[in-house]
Engineer: 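Can you read through this structure? Questions will come right after.
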Amino acid sequence: MLEGYGNDRNYMKKSLPPSLDLLSPPLGSPLTSNSFPKLPFSTSSNPNKNHLNYFFQNLDFSQALSFTQTLLNSRGTIFFSGVRKFGFVASKISQTLVSLDIRSSFLSPLDALHGDIGALSSAYVLVLFSKFCSTKELLRLLPCARAKGVYLISVTFVSNNALANACYMNVHLPLERELCPFDLAPVTSTAIQMVFGDTVAIALMGARNLTKEQYAVNHPAGRIGKSLIFKVKDVMMKKDELPICKEGDLIIEQLMELSSKGCGCLLVIVDEYHLLGTFTDGDLRRTLIKASGEAMFKLRVGDMCCNAPNPNPSLE
C-alpha cells in the first residue's frame, strides 16, 4: 500500500495521463517496380540529372575561373558563409579546402554580428552562398565585412540582386528549377552549390600541385592515413608489448597473457628473443578438444605450438 493514499485502488489509474487517440499517418499506394519510373530515382528520366546538366551547360566558366583564381591568389583565410542549408554547404566546402591545406573557415552570419566578425581582416576573402539573395543576416553582414576590408564574393542563383551588387565579385549558378514538386525546397540548388564548390576545390588542388604525401599529412586517421602515412614500424607492437612465453610454460598459466595482449596468439621464444613458434587461439581450442581431465593442466606450450620454419629468427 502506498503511504498517504489509504486504500485508494484507483490511485495508479488516476495518476496516468488520459489516453490519446492519435491519428495514423495517411498511407499512399503501395510501391511496385512499375512505380519507380514515376519517381526521381529512375536513371532513364531523372529530372535532377537533367537539372544538373542544365547547370553545367549554362555555367559561365569565365566567372568560375575568376572565382577559382581569386581563391588561389588569396594570402589570408578564405571564409565561407550562408544561412541554414546553404550554410551547411558553405561549411562543407570550407572543410574540404582545409583538408587540402588551404586556410579556410566557416563564418556564421548570425554569430558574426555578435562578435565573430573579429576574425576577418583586409587580407581575407568572404564567400557568401545564397539562393534568393534576400537573407537579412547576410545583407546585414555585408557593410560590416566591407568595413573590415574583406574581399566579398557572392555565389547566387538570381541575377542583379542586392547581395551580388554589394560584393566585388559574383558567381551566377544557373538553376533550371528545384526537384521539389513545388519548386521551393532547396534540393537541386544545394546539390549545384556542392558540386560547384567541390569542383573548385579540386581545381585548387591541381593548381597548387598538391602531392599525395602532402594530402595524407592532413588525413592521419582512417583508410587514407593508414595507406599513405603509417609504416609498419608506426603501428607494430614493441618488444615489451609482445605476448611472449617459453615452450616449457604450462598452457593453463599462459591464458592471461594470450587474452590480455589481444593479438590472438603467443610468440613462443627461446633465450635472447629468438622465435621458436606460435601458440594461437586455434591451438588452444584444439588443446581443449584433445586433452581431458587433469592432462590439460600438465600440457606445455611446446607440446601444442606451431614451430617456425627457421627456429632461430631474432625478435630483437
Side-chain angles (χ1 to χ4, degrees), residues 77-78 80 88-89 91-106 194 197-198 201-316:
T77 302
I78 303 170
F80 290 83
F88 297 143
V89 174
S91 177
K92 188 273 177 189
I93 296 173
S94 173
Q95 292 173 13
T96 299
L97 295 187
V98 170
S99 73
L100 302 179
D101 212 20
I102 298 173
R103 284 186 296 171
S104 181
S105 183
F106 173 74
M194 192 78 76
D198 285 343
I202 298 305
L204 292 173
M205 187 177 181
R208 291 164 59 91
N209 296 317
L210 190 71
T211 66
K212 184 182 293 186
E213 290 71 24
Q214 292 172 326
Y215 180 75
V217 169
N218 292 335
H219 298 78
R223 182 177 179 182
I224 297 177
K226 290 180 181 178
S227 62
L228 297 178
I229 297 179
F230 291 112
K231 298 179 174 57
V232 173
K233 66 178 182 179
D234 298 321
V235 297
M236 72 179 188
M237 299 181 71
K238 304 303 187 291
K239 181 177 177 180
D240 295 337
E241 302 169 335
L242 295 173
I244 58 174
C245 66
K246 300 292 184 64
E247 61 176 332
D249 293 339
L250 292 173
I251 292 177
I252 195 68
E253 294 176 350
Q254 295 301 315
L255 294 182
M256 181 60 71
E257 182 77 0
L258 178 62
S259 301
S260 62
K261 297 298 178 66
C263 294
C265 72
L266 292 172
L267 301 179
V268 186
I269 63 170
V270 292
D271 295 336
E272 302 301 329
Y273 276 83
H274 285 87
L275 182 65
L276 178 65
T278 60
F279 181 80
T280 67
D281 288 337
D283 293 328
L284 175 61
R285 289 192 294 272
R286 285 184 284 274
T287 299
L288 296 175
I289 293 173
K290 292 182 179 180
S292 60
E294 296 181 359
M296 193 193 102
F297 296 94
K298 298 179 181 179
L299 284 174
R300 301 184 181 277
V301 174
D303 300 329
M304 299 299 295
C305 74
C306 177
N307 291 332
N310 177 7
N312 293 311
S314 176
L315 296 180
E316 292 288 357

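Sequential numbering from 1 along the given sequence is applied to the chain's residues. What you see is a predicted model, and the numbers here were worked out from it, not measured in a lab.
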Engineer: Mind listing the closest non-hydrogen atom pair of Ile78 and Ser104 along with its distance?
Structural biologist: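 That would be O-OG, 2.8 Å.
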Engineer: Under 3.5 Å, side chain of Ser91 to main-chain N/O of Phe106, donor-acceptor pair present?
Structural biologist: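 A pair under 3.5 Å: no.
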Engineer: So how far is it from Leu299 CG to Leu284 CG, rounded to the nearest 0.5 Å?
Structural biologist: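 Taking CG in Leu299 and CG in Leu284, the distance rounds to 10.5 Å.
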Engineer: Check whether Thr280 reaches the backbone of Gly282 with its side chain - one donor and one acceptor, N or O, closer than 3.5 Å.
Structural biologist: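 Yes, the answer is positive, given that a donor and an acceptor are paired below the 3.5 Å cut-off.
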Engineer: Pairing donors with acceptors under 3.5 angstrom, does anything connect the side chains of Ser105 and Thr77?
Structural biologist: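 Distance-only check fails for Ser105 and Thr77.
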Engineer: Nearest 0.5 Å, what's the CG-CG distance between Asp283 and Leu258?
Structural biologist: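 Going from the CG atom of Asp283 to the CG atom of Leu258 covers 9.5 Å.
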Engineer: Side-chain contact, heavy-atom cut-off 4.5 Å: Leu204 with Ile102?
Structural biologist: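 Yes - at least one pair of side-chain heavy atoms lies under 4.5 Å apart.
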Engineer: For residues Phe279 and Ile251, determine if any side-chain heavy atom of one lies less than 4.5 Å from a side-chain heavy atom of the other.
Structural biologist: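 Phe279 reaches Ile251 side chain to side chain.
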Engineer: Start with the C-alpha distance between Val89 and Phe80, add both sets of side-chain angles, then the distance that settles side chain to side chain contact (heavy atoms under 4.5 Å, CB included), and finish with yes or no.
Structural biologist: CA-CA 9 Å; Val89 174; Phe80 290 83; over 6 Å; no
Engineer: How far does CD1 of Ile202 sit from CG of Leu210, to the nearest 0.5 angstrom?
Structural biologist: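 Output value for this atom pair is 9.5 Å.
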Engineer: What is the distance from atom NZ of Lys92 to atom CE of Met194, rounded to the nearest 0.5 Å?
Structural biologist: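 Those atoms lie 6.0 Å apart.
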Engineer: Specify the closest pair of heavy atoms between Arg300 and Leu250, including all atoms of both residues, with the distance to one decimal.
Structural biologist: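 Heavy atoms of Arg300 and Leu250 come nearest at NH1-CD2, 3.7 Å.
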Engineer: Quick check for you: to the nearest 0.5 Å, what is the distance between Met205 atom CE and Leu100 atom CG?
Structural biologist: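 That separation rounds to 5.5 Å.
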Engineer: Kindly write out the residues that satisfy salt bridge (Lys or Arg N to Asp or Glu O under 4.0 Å) with Asp249, not counting sequence neighbours, or none if the list is empty.
Structural biologist: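 Once residues adjacent in sequence are excluded, Asp249 has no partner under the salt bridge (Lys or Arg N to Asp or Glu O under 4.0 Å) criterion.
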Engineer: Could you check Val268 against Leu275 for side chain to side chain contact (heavy atoms under 4.5 Å, CB included), going step by step and ending with a plain yes or no?
Structural biologist: CA-CA 6 Å; Val268 186; Leu275 182 65; 5.7 Å; no
Engineer: Between Leu266 and Gln254, is there a side-chain heavy-atom distance shorter than 4.5 Å?
Structural biologist: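 In short, these two side chains touch, coming nearer than 4.5 Å.
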Engineer: Output the distance between atom SG (Cys265) and atom CG (Asp281), rounded to the nearest 0.5 Å.
Structural biologist: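 One gets 8.0 Å once the value is rounded to the nearest 0.5 Å.
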Engineer: Give a yes or no on whether the backbone of Asp101 and the side-chain of Arg208 come within a donor-acceptor separation of less than 3.5 Å.
Structural biologist: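 At least one qualifying donor-acceptor pair exists.
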Engineer: Strictly distance-based, threshold 3.5 Å: is any side-chain N or O of Ser99 a donor or acceptor partner for the main-chain N or O of Thr96?
Structural biologist: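 Indeed, once roles are kept as given, a pair shorter than 3.5 Å links the two residues.
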